Amino acid sequence: MIKFITKRILIAIPTLLIIIAFSFSMMRVAPGGPFTNERALPPEIEKNINAAYNLDKPVYEQFYIYMKNITRGDFGPSFKYKDFSVKELILNGLPVSVTLGLSAIIISLFLGSLLGIIAAINRNTIFDYSVMGVSLVGICVPSFVMAPLLSLFFSLYMGILPTSGWNNGNILNLILPITALSLPQIAIISRMMRASTIEVLNSNFIRTAKSKGLNESYIIRKHVIRASILPIVEYLAPASAGLMTGSIIIEQIFGLPGIGRYFVVGALQRDYTLVSGVLILYASLLILLILITDIVRAILDPRVKI
Amino acid sequence: MNKKHIKIIEDYSNIKGRSLWVDARRRLFQNKAAVISLFLIFLIAFLSFFGPFFLKYSFSDTDWNSIYYPPSLNNGHFLGTDGNGRDLLVRILYGGRLSLTIGILATLVSVFIGVIYGTIAGYFGGKLDIFMMRVVEILYAMPYLIFVILLMVVFGRNIYFLFIAIGAVEWLTMARIVRGQTISLKEKEFIETSKALGQSNFMIIWKHIIPNLAGPIVVYITLMVPSVIILESFLSFLGLGVQEPLTSWGVLISEGSREMETAWWLLIFPGIFMTITLASLNFIGDGLRDAIDPKEY
Amino acid sequence: MQLTQKNIKNNNLLININKLNVFFNTPEGLLHVVKDVNFNVKKGTCLGVVGESGSGKTQTFFSITGLLAKNGYAEGEANFKNYNLITCDDKIRRGFLGKSIGFIFQDPMTSLTPHLKIGDQLAEIAIYHKKITKSEALQRAAEVMDVVKLPNNRDIINSYPHELSGGMKQRVMIAISLMCEPDLIIADEPTTALDVTTQAEILSIFNDLKNNLNIGLVLISHNIGVIAETSNQVLVMKNGQILENGNTHEVLTKPKNDYTKHLLSCIPPWIKN
Ligand SMILES: Nc1ncnc2c1ncn2[C@@H]1O[C@H](COP(=O)(O)OP(=O)(O)OP(=O)(O)O)[C@@H](O)[C@H]1O
Ligand SMILES: [Mg+2]
């Protein structure tokens, strides 16, 4: 197992390197980027950047320094926020984004799988049709339509939940953003889970389990779930990517001071260091999730060679 | 089970037959959701491209007498107006024009890249295949929206660049599907025969592999157009995509959500148009998939 | 080797199938795949079922054991221990399945749950039906593994299906069906997916079962040679109907039906004797 994990980590490292190299080269070619010389920046920021990147050094040395800084979690000074480093901005937004993202992923995985299994077992019943119908809405209505609608209904019309703001993580302020963020993922996961459960239910080994006279709930628990959950495990990384991008919108709509918020402001103002810092952070997170996926899959499915 | 209403087939040896595409079309047209969706998509596309010619207002006309005018049949603002007194319906149709165009063009870009990449990897196999698929895997690990945003930030917010950027990140799944199909086709007899006859690899790919990929490609296109439309709207919503004076559904929804307290219609109607389009495209995609290959998926 | 009809007393009757029909709902209409089928299986005998692919052999026995696909349904009688298995409660049928009726499937490669150890898959059926502990169940597993000539060691108990060969998987399937000492075992083409040597080994296991345990055995095959070797009684099926039903020796030597004659012409003469 340790060998398996080491091997996976060794594969992950070059991936990360490529992403860092990509964002470095993007910044080099960017007009007015941190590595070019013609800029019109306030003198303080100019000074910060010069100090951080040794612009007089050759390219490969700049890259080396950039890399070295990143391993220390240092993404350089922000381009637009005076007196702030990208790291500080990210750390500022992190609690909000993590609360949001983590709750959303847990809720989506749990609810999505549960609804999917129940729909598959009771397929072609009212329950199945309603779950699939609602999930279709979840898939077809994009989050940036759903979120304002939710807020229109629950905050403006019903007046039971706050429209926006973080309010120190008050649960009432979190309900709408987390719902809007999870809905599409719950929809996708429940459909996936339904499809994979149906496939497993139709497989030969379930027929064997039935021929043993076992009752349905025993068969589901022992024979079905571990096989049908595999696609969901595989979907962990894409789901997280979806939530990351989703949270950019959701933080914007509900005025939450998370990483996504800084990211959008950074993108609109061409804050290259901030944008690439967030890109690298999110990419590393996804690579970590892919690693976790591989490990969980190896535990669930004995056919995966360790 | 009421047997009286159902034709009992005693001899079922002659059910099969007919050609793949005829069969597929018949199955597609039996799928009610897909048929209705096809109709809706053609309607929305037709309205988007030709509708504005028949309307009283043009998309940038400002009607200072009716600002935030609610939907009504009286003065020709069927879906109301926005804060500048511009007619919402015309703007939605113009937005649809742009959203659909970007959806289709970006999809074509990504299909082009994906098909070439996938056939090469699948056809030549071996180390090249392993390397190429590794690259795809790496790119999959990218939070691709953030990636597009970085591209947009660096190269500027240009609409042509927008669909190239979207196309450039959306080809991965296409490449995977095509590669898988190519590998299974490669083993088929007719490919072996062409090889034995000394046809060049390029000719074999062009003449035999790509035509046989038509099914999955068509299915994938219909499923990708909606995801591109969402992506574009997403960017436009954040102010990173289409810029004024142009408009797209994303831009309209973004404006609408900012003004929903005063004028709910500015959010609801663009949202409805977009949702119907996305849902229809998804239904058509699913229908096509079931029609072309009822078992495999 | 062959028993004649007279030797089998009527109280040996294990299962009686009467006017059994199976239908499938399909987009093209209702398929009628098993048509008014009647036959009996008796204790201590082997019923061979032959017929070409698609003749309805498998669906006949799926309908009896409630294993038909969702779009299928059955009508008629399958009388087993005072119950009609076609119409009785699911619970009652489940009580018989695995406990009194063992089923061995056509495709051993995919018939075992991939993520459960062989030991668990053997033990669970006894734990479930006999309410015994896991260690008792594993003890029973050791006995049946002996019967099917699986090397009884920890290795197999602790391995996963993908680590076993096709022949070994089929032995495991047979072992599973024997766990609860059933009265009836239905083996659906148990050897088709295996190579010739393994086929012979598996068939000899069935011969042993028939001779040593007093059970009824149904052996489905499209290979009439296999049937000739093992069974006392034979059904010939085509297009969902039974064309011929009788003593194996008689059917093989004096076939009444043209289709049977045709089938017989396909087997090498040394097996016929
Ligand atoms: N779920 C189903 N829906 C529709 N038709 C079905 C279904 N399952 C089986 N059939 C049809 O029932 C018929 C009988 O099938 P069955 O499996 O009993 O054949 P078989 O005699 O066991 O053949 P083989 O030797 O290939 O196993 C076939 O024509 C098959 O196509
Ligand atoms: Mg069969």
Side-chain angles (χ1 to χ4, degrees), chain A residues 11-12 14-16 18-19 22-23 26-27 29-31 33 136-137 139-149 151-152 156-157 163 195 237-238 240-242 244-246 248-249 252-253 260 263-264 266-272 275-276 278-287 289-290, chain B residues 33 134-135 137-157 173 226-227 229-231 233-240 249-250 252-254 256-262 264 266-268 270-283 286 297:
Chain A
I11 296 176
T15 313
L16 202 55
I18 291 171
I19 291 171
F22 174 79
S23 85
M26 277 295 121
M27 283 196 285
V29 299
L136 195 68
V137 175
I139 288 173
C140 294
V141 182
S143 56
F144 48 88
V145 177
M146 185 58 93
L149 282 181
S151 130
L152 187 66
L156 297 175
Y157 181 69
T163 20
S240 312
M244 284 171 188
T245 49
I248 294 176
I249 285 270
Q252 184 82 2
I253 292 173
F263 181 73
V264 174
L268 285 170
Q269 303 188 351
R270 302 197 140 193
D271 189 340
Y272 298 108
V275 170
S276 63
V278 174
L279 174 71
I280 291 169
L281 176 76
Y282 278 0
S284 334
L285 211 59
L286 284 178
I287 290 170
L289 280 168
I290 291 173
Chain B
R134 204 50 236 145
V135 171
E137 220 174 288
I138 289 172
L139 292 176
Y140 254 117
M142 296 269 207
Y144 67 100
L145 184 95
I146 297 179
F147 191 76
V148 174
I149 292 179
L150 182 63
L151 289 177
M152 299 295 294
V153 169
V154 170
F155 295 107
R157 289 168 230 151
T173 312
S227 77
I229 291 179
I230 290 192
L231 188 49
S233 302
F234 196 106
L235 291 171
S236 300
F237 184 91
L238 294 175
L240 292 163
W249 285 337
L252 291 172
I253 290 169
S254 167
S257 70
R258 258 179 272 123
E259 296 170 293
M260 64 187 178
E261 288 169 56
T262 22
W264 54 266
L266 292 180
L267 171 64
I268 304 284
I272 288 176
F273 268 79
M274 176 150 183
T275 303
I276 290 178
T277 307
L278 296 177
S280 305
L281 285 167
N282 276 315
F283 278 123
D286 285 349
Y297 291 90

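Everything numeric here is computed off the predicted structure, so don't read it as measured data. Lettering follows sequence order; numbering is per chain, from 1.
- For A237(A), no part lies near chain B; criterion is any non-hydrogen pair under 4.5 Å.
- A heavy-atom distance below 4.5 Å is found between the side chains of F237(B) and S257(B).
- Using a 4.5 Å cut-off between heavy atoms, Y157(A) makes no contact with chain B at all.
- Both the backbone and the side chain of L238(B) come within less than 4.5 Å of a heavy atom of chain A.
- Residues L149(A) and I268(B) have side chains in contact (heavy-atom distance under 4.5 Å, counting atoms from C-beta outward).
- For the pair S254(B) (side chain) and G250(B) (backbone), a donor-acceptor distance under 3.5 Å is absent.
- F234(B) touches chain A through backbone and side chain together, each having a heavy atom under 4.5 Å away.
- Neither the backbone nor the side chain of I272(B) has a heavy atom closer than 4.5 Å to any heavy atom of chain A.
- In this structure, Y282(A) and T245(A) have side chains that are not in contact, with every pair of non-hydrogen atoms separated by 4.5 Å or more.
- Contacts of V264(A) with chain B are made by side-chain atoms alone, with heavy-atom separations under 4.5 Å and no backbone atom involved.
- Interface residue L279(A): backbone and side-chain heavy atoms are both found under 4.5 Å from chain B.
- When all heavy atoms of L278(B) and C140(A) are compared, the pair lying nearest together is CD1-O, 3.3 Å.
- Residues M274(B) and F144(A) have side chains in contact (heavy-atom distance under 4.5 Å, counting atoms from C-beta outward).
- For the ring pair (Phe, Tyr, Trp, His ring centres under 6.0 Å) test, no residue two or more places apart in sequence or in another chain qualifies with F273(B).
- With a threshold of 4.5 angstrom between heavy atoms, L136(A) approaches chain B through side-chain atoms but not through N, CA, C or O.
- Both the backbone and the side chain of I230(B) come within less than 4.5 Å of a heavy atom in chain A.
- Per-residue heavy-atom pair counts under 4.5 Å with chain B were compared for V137(A), V145(A), I249(A), and the maximum is reached by I249(A).
- For the set T277(B), L281(B), N282(B), L267(B), the entry with the most heavy-atom pairs within less than 4.5 Å of chain A is L267(B).
- Ranked by non-hydrogen atom pairs under 4.5 Å with chain B, the options V275(A), L268(A), L152(A) are led by L268(A).
- Applying the salt bridge (charged side-chain N to carboxylate O under 4.0 Å, His left out) rule to D271(A) yields no partners; only residues at least two apart in sequence or on another chain are considered.
- Ranked by non-hydrogen atom pairs under 4.5 Å with chain A, the options S233(B), P226(B), G239(B) are led by S233(B).
- Under the 4.5 Å side-chain criterion, counting only non-hydrogen atoms from C-beta, P238(A) is not in contact with L286(A).
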